[in-house]
Amino acid sequence: MELSPEFNIRVTSIEPGTVDTDLREDITDKELLEDKDYGGDEAKLKPEHIANAVYYAISQPEEVNVNELLIKPTGKS
C-alpha cells in the first residue's frame, strides 16, 4: 500500500472455491478429510476458470485495481 502510488503496484486476492485438480490426493490430515465433505458429486471449477479470472485481473487498465475475486462453482454458497 505504501509503494503502490509511486510504483503502481496492484494486488489482487483470488479466492477460488473447489477446483477440479489432484490437490486433494495429497492431503494427509485425516481430521481435515473427515471434517470436510469431499464427495465425488460436488460442483467443481475447471482450472481454466481460475486462469480466466487471473487474466481478467491483470488485463485491466493501469488505473484499475481488482482487489478481490471470490470464485465458486454455481450452486455453492
Side-chain angles (χ1 to χ4, degrees):
M1 293 295 289
E2 294 172 4
L3 297 175
S4 182
E6 186 177 345
F7 297 103
N8 197 26
I9 296 171
R10 301 182 292 174
V11 177
T12 303
S13 173
I14 298 177
E15 305 166 48
T18 306
V19 181
D20 191 12
T21 67
D22 295 332
L23 179 63
R24 291 183 182 169
E25 304 302 319
D26 295 327
I27 296 175
T28 58
D29 185 333
K30 301 293 184 198
E31 186 176 332
L32 175 67
L33 290 171
E34 291 171 3
D35 184 48
K36 300 290 182 186
D37 177 19
Y38 289 139
D41 60 344
E42 70 178 305
K44 296 177 185 172
L45 297 166
K46 294 180 181 178
E48 303 87 71
H49 297 139
I50 307 308
N52 289 338
V54 170
Y55 179 75
Y56 167 77
I58 65 173
S59 66
Q60 298 306 303
E62 284 189 25
E63 63 274 8
V64 174
N65 185 29
V66 178
N67 294 310
E68 181 177 28
L69 289 172
L70 178 60
I71 308 159
K72 293 196 173 195
T74 303
K76 297 286 265 191
S77 57

Note to self: More than 12 heavy atoms of other residues, nucleotides or ligands under 6.0 Å from CD of Glu63: yes or no?
What the structure shows: yes

Next item on the list: Could you list the residues that satisfy side chain to side chain contact (heavy atoms under 4.5 Å, CB included) with Glu48, not counting sequence neighbours?
Entry: Lys46

Next item on the list: Return the set of residues passing side chain to side chain contact (heavy atoms under 4.5 Å, CB included) with Asn65 (not counting sequence neighbours), or none when no residue passes.
Entry: Arg10, Thr12, Asn67

Least distance between heavy atoms, [X] atom then [Y] atom:
X: Pro73; Y: Ala43; result: CG-O, 3.5 Å
X: Leu69; Y: Ala57; result: CD1-CB, 4.2 Å
X: Ile71; Y: Ala53; result: CD1-CB, 3.2 Å
X: Pro16; Y: Val19; result: CB-CG2, 4.0 Å

Next item on the list: Measure the CG-CD1 distance between Asp20 and Ile50 for me, rounded to the nearest 0.5 Å.
Entry: 11.5 Å

Note to self: Once rounded to the nearest 0.5 Å, what's the spacing between atom OG1 of Thr74 and atom CG of Leu45?
What the structure shows: 8.0 Å

Note to self: According to a hydrophobic-cluster definition based on side-chain heavy atoms being under 4.5 Å apart (Ile, Leu, Val, Met, Phe, Trp, Tyr only), do Val66 and Val54 belong together?
What the structure shows: yes

